[in-house]
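First up is the structure itself, then whatever we jot down about it.
As a basis for the values below, the full set of heavy atoms in this structure was taken, side chains included, without hydrogen atoms, waters or symmetry mates. Chain naming here is simple, since letters A, B, ... match the order of the sequence lines and numbering starts at 1 in each. It should be emphasised that the depicted structure is a prediction, and the values quoted were computed from it without experimental measurement.
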2 protein chains.
Amino acid sequence: MTVPPLEAHLGYWLRFVSNQVSHAFGLKLADRGVTVAEWVVLRELHGAEALAPSALADRLELTRGAISKLAERLVAKALVARAAGEGDGRFQSLALTPAGRALVPELALLADRNDAEFFGHLSQGERAQVEAVMREILRRHGLKSIPMK
Amino acid sequence: MTVPPLEAHLGYWLRFVSNQVSHAFGLKLADRGVTVAEWVVLRELHGAEALAPSALADRLELTRGAISKLAERLVAKALVARAAGEGDGRFQSLALTPAGRALVPELALLADRNDAEFFGHLSQGERAQVEAVMREILRRHGLKSIPMK
DNA sequence: TATTGTTATACTCTATAACTATA
DNA sequence: TATAGTTATAGAGTATAACAATA
């Protein structure tokens with residue numbers, strides 16, 4: 001029986017490259033004391049006044065438990081502050097602290113730099129095509145909450 | 001200061017899609033009692049009589065410790081057998097058991113199916129282009145040991 | 001009862017470092 | 001001393017499930 005090699009699967013290549021890219025980014029972020037998952041939360045909070053943990057969980061497609069743990073770490077680092085939500089007492093509110101708000105643009109530069117390192121050699125067209133393919137895959141799989149802008 | 005959204009980075013899309021693809025594959029493999037990392041080791045061993053842990057570590061770009069742990073799990077599942085290497089007594093030899101050898105083609109079908117689910121809608125040309133982009137990135141970053149076939 | 005959030009637990013994946021055995 | 005391998009430890013990332021508070 002003929003077994004296709006690992007490299008026959010596009011999923012293999014994607015996983016390999018994605019791991020490299022994320023790992024390299026993680027090393028850059030580590031200098032600033034945050035992880036990739038934490039960066040994603042910080043960036044998401046930067047776009048809003050405040051968000052409830054459940055709203056974050058929805059947007060990032062993580063469980064509430066996972067968000068809770070990430071939030072705990074970010075609060076410990078004084079980058080995020082917790083507050084009681086208004087009205088319905090079950091809701092919490094997560095918002096960037098001034099330190100967190102100041103940090104996000106710096107981390108964004110690291111993200112830019114990392115992307116440039118791995119994808120900078122591609123033409124605009126190539127980048128757009130890869131992005132289009134990825135968006136289409138997510139769309140087909142009914143993945144919600146990706147801002148299609 | 002304007003901060004680019006997460007979606008401005010190709011690395012973000014890659015990570016998102018790659019995680020989805022790997023997770024879906026992981027669910028399929030879980031039915032057969034193996035993980036994605038274990039599958040990669042099994043597939044690698046399928047192409048050879050036997051391999052030393054250090055050879056596997058080189059090919060898969062993992063540490064010897066990581067390989068040791070994966071091998072331990074695969075041995076516990078009776079899919080891989082350990083033997084003493086010949087000559088130099090420091091070397092071990094890892095090889096598929098008959099059960100392991102029989103399982104690999106079945107897992108390969110799952111890999112085919114998973115790839116088809118996520119990438120089947122792409123044209124041959126699109127698939128080839130994405131793969132070419134990924135290979136080029138790995139090449140530029142001096143990543144060794146990817147069989148360029 | 002249903003929902004929000006936290007906490008406890010667990011597992012994969014991976015790394016680093018200490019250690020053993022062999023060379 | 002150098003190399004192959006194992007083991008111990010750790011931490012990120014994530015999930016599920018049990019639980020508390022609120023509705």
Note to self: Using a distance-only criterion (donor-acceptor N/O pair, under 3.5 Å, no hydrogens), is the base of C:dT14 paired with the side chain of B:K69?
What the structure shows: yes
Next item on the list: Give the angle between the helix axes at the two ends of the helix from C:dT1-D:dA23 to C:dA23-D:dT1, taking five base pairs at each end and rounding to 10°.
Entry: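 About 30° separates the two local helix axes.
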Check: Are any side-chain N or O atoms of B:W13 and backbone N or O atoms of B:E7, one a donor and one an acceptor, separated by less than 3.5 Å?
Finding: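 Yes, because the side chain of B:W13 sits within donor-acceptor range (under 3.5 Å) of the backbone of B:E7.
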Note to self: Main chain of B:K28, side chain of B:N114: is a donor-acceptor contact present, judged purely on distance under 3.5 Å?
What the structure shows: no
Gap between atoms [atom1] and [atom2], on [X] and [N] respectively (whole Å):
X: A:E61; N: D:dG13; atom1: CD; atom2: C1'; result: 16 Å
X: B:Q92; N: D:dT3; atom1: CD; atom2: P; result: 19 Å
X: A:F91; N: C:dA2; atom1: CZ; atom2: P; result: 17 Å
X: A:H23; N: C:dT14; atom1: NE2; atom2: P; result: 10 Å
X: A:R73; N: D:dG11; atom1: CZ; atom2: P; result: 11 Å
X: A:L27; N: C:dT16; atom1: CG; atom2: C1'; result: 14 Å
X: A:L62; N: D:dA12; atom1: CG; atom2: P; result: 15 Å
X: B:K77; N: C:dC11; atom1: NZ; atom2: P; result: 12 Å

Checklist line | For B:F119, ring pair (Phe, Tyr, Trp, His ring centres under 6.0 Å) partners two or more places apart | finding: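 Applying ring pair (Phe, Tyr, Trp, His ring centres under 6.0 Å) to B:F119 gives none.
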Item checked: Partner set under side chain to side chain contact (heavy atoms under 4.5 Å, CB included) for A:A132, not counting sequence neighbours ->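 By the side chain to side chain contact (heavy atoms under 4.5 Å, CB included) rule, A:A132 matches no residue at all.
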Checklist line | With sequence neighbours excluded, residues passing side chain to side chain contact (heavy atoms under 4.5 Å, CB included) with A:S93 | finding: A:A50, A:A83
Next item on the list: Select from B:A71 and B:R15 the residue whose nearest nucleotide in DNA chain D is closer to the 5' end of that strand.
Entry: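 That would be B:A71.
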Note to self: Can you list everything that forms a salt bridge (charged side-chain N to carboxylate O under 4.0 Å, His left out) with A:R82? Sequence neighbours excluded, please.
What the structure shows: none
Next item on the list: Not counting sequence neighbours, which residues clear salt bridge (charged side-chain N to carboxylate O under 4.0 Å, His left out) with B:R32? List them please.
Entry: B:E106
Please collect all salt bridge (charged side-chain N to carboxylate O under 4.0 Å, His left out) contacts where either partner lies in [range], sequence neighbours excluded, each pair once.
range: residues 88-99 of chain B; value: B:D88-B:R90
range: residues 62-73 of chain B; value: B:E38-B:R73
range: residues 48-57 of chain A; value: none

Next item on the list: Side chain of A:N19 only, please: which of D:dT14, D:dT6, C:dT14 is the nearest?
Entry: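 For A:N19, the side-chain atoms sit closest to C:dT14.
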Check: Nearest of C:dT4, C:dT7, D:dG5 to any side-chain atom of B:A52?
Finding: D:dG5
Check: Between B:R82 and D:dG5, is there a side-chain N or O to OP1/OP2 distance below 4.0 Å?
Finding: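 Result: no.
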Margin query: Return a single string for nucleotides 16-22 of chain D, one symbol per nucleotide in 5' to 3' order, where B is base contact, S is sugar-phosphate-only contact and - is none, cutoff 4.0 angstrom on heavy atoms.
Written below: B-----B
Checklist line | side chain to side chain donor-acceptor pair (under 3.5 Å) against A:D112, all qualifying residues, sequence neighbours excluded | finding: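 If we apply the side chain to side chain donor-acceptor pair (under 3.5 Å) test to A:D112, skipping adjacent residues, the hits are B:H9.
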Note to self: If hydrophobic clusters are built by linking Ile, Leu, Val, Met, Phe, Trp and Tyr wherever their side-chain heavy atoms come under 4.5 Å apart, do A:F91 and A:L51 end up in the same one?
What the structure shows: no
Margin query: Under 4.0 Å, heavy atom to any atom of DNA chain C: which of residues 28-42 of chain A qualify?
Written below: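 Those residues: none at all.
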Margin query: Does A:S54 reach a base, just sugar-phosphate, or nothing at all? Heavy atoms under 4.0 Å.
Written below: sugar-phosphate
